[in-house]
Amino acid sequence: MNADPIAIIEIIRPAEQGRSGPYICRGIDGVLYYVKGRNTGRRSQIAEWLCAHLAKSLKLPLPPFSLVVIPPDLVAETPSAMQVVGAGLAFGSKEYPSALWFEQEQISMASDRLRKDILIFDWWVHNSDRLTHNSNLLWDAVRGQLVVIDHNMAFDPAFSAKEFFNYHIFGQWAGEVFQDLVEHAEYQNRLLNALAVLDSAIDSIPEDWWWVDDEHTVATDFDLEAVRAILQRCELENFWRMV
């Protein structure tokens, strides 16, 4: 992750995949970024930012990410249909040129360990948006591994454990992890270590993201205490109950 925001110099087009509405943009560094701007919603941006830090700390394979800044003048010069991306600080992840959308038919290509890691991570952050028909995963053909993307739906207040295990693309591996005490101990240690980055990730959230409007009169609907409670479940025995 870059310490300083990357300036966006070109808003190219909406991404073909991604229901949250990311835009493909070019940074001043010449790199293409998938940018989640104002159109995705402030809650979405915060969830992406926190999950990216947690996933990186857990050593999941995800694209390098950074804050990016979209100049107001650039938005004004962009075709009106794309101006919804908005100006200001946004969430950006680098394009993976060699990556293709990961489909259910490719499940056997992913390692057993990574399938379990992703399942446990999504269970931890209450992310129900990694489905058999919409994996929100990429396959890096050069490195021969998965790439984890899209966490804008994490920390879902309406999260359903039953639906999670029924529809998660790696849900069939749940029994192997949730019924294994050795796996419990290993994952608990990894999750607690990853949780250590939460406070610094929260502190680095742009101030504007906490407000729906530019005047800072309408607060973003994002409950940090609820998020902490969701993540701290990893310390409890009932974390391993599937219902």
Side-chain angles (χ1 to χ4, degrees), residues 1 18-20 22 34 36 40-65 91 93 102 110 113-132 134-138 146-171 173-174 177-178 183-184 186-205 209-210 220-243:
M1 184 194 70
R19 290 184 296 176
S20 62
Y34 282 80
K36 296 194 173 182
T40 68
R42 294 308 198 192
R43 191 188 189 286
S44 169
Q45 291 175 313
I46 295 172
E48 286 281 9
W49 186 249
L50 295 182
C51 284
H53 283 80
L54 293 169
K56 180 181 178 183
S57 183
L58 200 60
K59 294 182 171 51
L60 293 184
L62 70 162
F65 64 95
F91 178 88
S93 57
F102 183 78
R113 174 51 60 193
L114 188 52
R115 288 190 295 248
K116 293 177 181 178
D117 284 355
I118 293 171
L119 178 70
I120 292 300
F121 178 76
D122 287 336
W123 172 249
W124 185 38
V125 301
H126 277 184
N127 176 36
S128 299
D129 197 27
R130 205 177 312 281
L131 311 172
T132 54
N134 182 39
S135 70
N136 284 318
L137 294 168
L138 303 175
L146 285 173
V147 181
V148 183
I149 60 171
D150 282 357
H151 298 102
N152 58 291
M153 298 296 291
F155 312 117
D156 182 4
F159 181 85
S160 165
K162 181 178 180 180
E163 290 186 5
F164 177 85
F165 290 112
N166 283 343
Y167 300 114
H168 194 282
I169 190 168
F170 300 137
W173 281 272
V177 183
F178 281 72
E183 295 267 35
H184 293 190
E186 178 185 339
Y187 274 113
Q188 184 179 58
N189 184 59
R190 291 179 62 193
L191 294 175
L192 287 173
N193 286 337
L195 187 56
V197 307
L198 179 63
D199 286 339
S200 61
I202 291 172
D203 290 343
S204 62
I205 294 171
W209 290 7
W210 293 112
T220 299
D221 181 17
F222 193 90
D223 187 342
L224 275 178
E225 292 309 308
V227 167
R228 290 185 187 278
I230 288 170
L231 296 174
Q232 288 170 353
R233 293 166 26 254
C234 68
E235 302 180 59
L236 307 175
E237 182 58 33
N238 63 11
F239 182 82
W240 301 105
R241 295 176 185 169
M242 296 173 60
V243 292

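Source: prediction; values computed, not measured. We count residues from 1, following the sequence as given. Keep in mind that the numbers below use all heavy atoms, side chains included, and drop hydrogens, waters and symmetry copies.
Contact annotation: the side chain of N166 never approaches that of S160 to less than 4.5 Å [non-hydrogen atoms, C-beta and beyond]. In this structure, D117 and Y187 have side chains that are in contact, with non-hydrogen atoms separated by less than 4.5 Å. In this structure, the side chains of P61 and V147 stay at 4.5 Å or more apart for every pair of heavy atoms. In this structure, I205 and L50 have side chains that are in contact, with non-hydrogen atoms separated by less than 4.5 Å. Contact of the T220 side chain with the I46 side chain is registered, since non-hydrogen atoms from C-beta on lie closer than 4.5 Å.
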task = Please assess F159 against W123 for the test ring pair (Phe, Tyr, Trp, His ring centres under 6.0 Å), listing each intermediate value before the final yes or no.
result = CA-CA 10 Å; F159 181 85; W123 172 249; 5.8 Å; yes
task = Report the C-alpha distance between L62 and I149 in whole Å, list the side-chain angles of each, state the deciding distance to 0.1 Å, and finish with yes or no for side chain to side chain contact (heavy atoms under 4.5 Å, CB included).
result = CA-CA 6 Å; L62 70 162; I149 60 171; over 6 Å; no
message = Could you walk me through whether W49 and F65 satisfy the ring pair (Phe, Tyr, Trp, His ring centres under 6.0 Å) test, starting with their C-alpha distance in whole Å, then the side-chain angles of each, then the deciding distance to 0.1 Å, before giving a yes or no?
response = CA-CA 9 Å; W49 186 249; F65 64 95; 5.8 Å; yes
task = Could you please spell out the steps behind the salt bridge (Lys or Arg N to Asp or Glu O under 4.0 Å) verdict for K36 and D150?
result = CA-CA 10 Å; K36 296 194 173 182; D150 282 357; 2.8 Å; yes
message = Before you tell me yes or no, could you show the steps for E186 and K116 under salt bridge (Lys or Arg N to Asp or Glu O under 4.0 Å), namely the whole-Å CA-CA distance, both residues' side-chain angles and the distance that decides it to 0.1 Å?
response = CA-CA 12 Å; E186 178 185 339; K116 293 177 181 178; over 6 Å; no
task = Show your reasoning for whether salt bridge (Lys or Arg N to Asp or Glu O under 4.0 Å) applies to D122 and R130.
result = CA-CA 8 Å; D122 287 336; R130 205 177 312 281; 2.6 Å; yes
request  = Give the C-alpha distance, both sets of side-chain angles, the deciding distance and a yes or no for ring pair (Phe, Tyr, Trp, His ring centres under 6.0 Å) between F91 and W209.
outcome  = CA-CA 10 Å; F91 178 88; W209 290 7; 7.4 Å; no
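Between the side chain of R190 and the main chain of L58, a donor-acceptor pair closer than 3.5 Å is present. Of the possible polar contacts, one joining the D223 side chain to the A226 backbone as a donor-acceptor pair under 3.5 Å is found. Without hydrogens or angle criteria, S135 side chain to L137 main chain gives a donor-acceptor distance under 3.5 Å.
Here the closest non-hydrogen pair linking D129 and N136 is O-ND2, 2.5 Å. Between C234 and Q188, the shortest heavy-atom distance links the atoms O-NE2, 3.0 Å. Scanning both residues, L231 and L195, for their nearest heavy atoms gives CB-CD1, 3.7 Å. Listed here is the closest heavy atom pair of A47 and A154: CB-O, 4.3 Å. Considering every non-hydrogen atom in both F170 and L119, the closest pair reads O-CD2, 3.7 Å. Residue L146 comes nearest to A110 through the heavy atom pair CD1-CB, 3.6 Å, listed as atom of the first residue, atom of the second, then distance.
When the shell of 6.0 Å around CG of D221 is examined, it contains 12 or fewer heavy atoms from other residues, nucleotides or ligands.
A ring-centre distance under 6.0 Å is not found for H184 and F178. In this structure, the ring of F165 has its center no less than 6.0 angstrom from the ring center of W173.
Seen from the ring of W240, R233 does not count as a face-on cation partner, given the 6.0 Å and 45° thresholds.
Distance check: N134 CG to F102 CZ gives 13.0 Å after rounding to the nearest 0.5 Å. Between R43 atom CZ and W210 atom CH2 the span is 10.0 Å, to the nearest 0.5 Å.
With salt bridges taken as basic N to acidic carboxylate O contacts below 4.0 Å, one links R228 and D199.
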